[in-house]
Amino acid sequence: QTGGRLALTLIAGALPGVIAGSVIRVELVPGPRVFDLLVAALLLPLGSWLAAARPARAGDPGQPVRPPRRISAPVLVVMAALTGCAGGIYGIGGGAVLAPILIGSGRPAAEVAPAALASTFVTSLGGVLTFTLLSIREGPVAPNWPTGIALGIGGLAGGYLGARMQSRLPDILIRRAVGILAIAIAAQFLKSGLS
């Protein structure tokens, strides 16, 4: 699966956002302290929301369970642009931020994962190209290729493993695990930014 229409919607917003975020990172947020605090401010509320999620309750017997509200495509494009911008600032594709939001809004992880991975792949290429072009004028902001390649290999292996495990785990467990992980990462960045 490549994510279909959801992937195209995410890419339409996240790609311009990640390019803008890359420029903002180099031009306006060059220091590590502001960067760390920005990442913490983004991840802490998102992780808290996901970790506190409750499983959907069944209605009264005989009453159908209301499906979760889906985020409309125009709103999703704007969200993808904003998260792509934030992702460009702190170095990841927008799909990595959007996946927890989409899962938190009620979309199943099996639908979100392929779309988020496809979006992250495209936006990562856009970010690498943008930082490479910015390095011509700004100096030492070009991608660190050995680190990038190592992270890419690890990301491919982890993505494959996650896709294999996802169908065997309940959505609420995935949602809470992503939330707790986001909180832990936010705490590390907050500690680094405040020290």
Side-chain angles (χ1 to χ4, degrees), residues 10 13-53 78-105 109 112-113 115-117 119-132 134-135 138-159 161-162 172-195:
L10 296 180
L15 185 58
V18 82
I19 292 168
S22 300
V23 172
I24 290 169
R25 172 74 170 117
V26 171
E27 301 292 335
L28 302 176
V29 190
R33 183 179 177 141
V34 175
F35 172 79
D36 290 349
L37 293 174
L38 184 65
V39 173
L42 179 73
L43 289 179
L44 193 56
L46 181 60
S48 300
W49 175 56
L50 287 169
V78 171
M79 287 175 59
L82 293 173
T83 56
C85 185
I89 291 170
Y90 72 93
I92 64 166
V97 177
L98 277 174
I101 293 171
L102 292 171
I103 291 171
S105 74
V112 171
L117 289 171
S119 172
T120 298
F121 176 73
V122 172
T123 55
S124 294
L125 292 177
V128 165
L129 181 60
T130 303
F131 277 108
T132 301
L134 286 170
S135 71
E138 298 294 332
V141 296
N144 179 324
W145 291 106
T147 300
I149 291 168
L151 291 174
I153 292 169
L156 282 172
L161 180 64
I172 192 68
L173 177 65
I174 295 170
R175 184 183 302 192
R176 288 202 174 128
V178 170
I180 290 167
L181 184 61
I183 291 169
I185 293 169
Q188 286 291 74
F189 276 103
L190 186 61
K191 179 181 173 187
S192 175
L194 293 176
S195 62

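Positions are given from 1, in the same order as the sequence printed here.
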Once rounded to the nearest 0.5 Å, what's the spacing between atom [atom1] of [X] and atom [atom2] of [Y]?
| X | Y | atom1 | atom2 | answer |
| --- | --- | --- | --- | --- |
| L134 | L129 | CG | CG | 9.5 Å |
| T123 | L10 | OG1 | CG | 9.5 Å |
| L190 | I183 | CG | CD1 | 12.5 Å |
| I185 | L44 | CD1 | CG | 12.0 Å |
| L156 | L161 | CG | CG | 12.5 Å |

Of all heavy-atom pairs between [X] and [Y], which one has the smallest distance, and what is that distance?
| X | Y | value |
| --- | --- | --- |
| T132 | V128 | OG1-O, 2.7 Å |
| S22 | F131 | OG-CE1, 3.4 Å |
| A40 | A186 | CB-O, 3.5 Å |
| A182 | L43 | O-CB, 3.8 Å |

Next on the checklist: Treating S192 as the side-chain partner and Q188 as the backbone partner, does any N or O pair qualify as donor plus acceptor under 3.5 Å?
Outcome noted: no
Checklist entry - Are any side-chain N or O atoms of S119 and backbone N or O atoms of A115, one a donor and one an acceptor, separated by less than 3.5 Å? => result no
Checklist entry - Could you go step by step and tell me if T130 and V18 meet the side chain to side chain contact (heavy atoms under 4.5 Å, CB included) rule? => result CA-CA 9 Å; T130 303; V18 82; over 6 Å; no
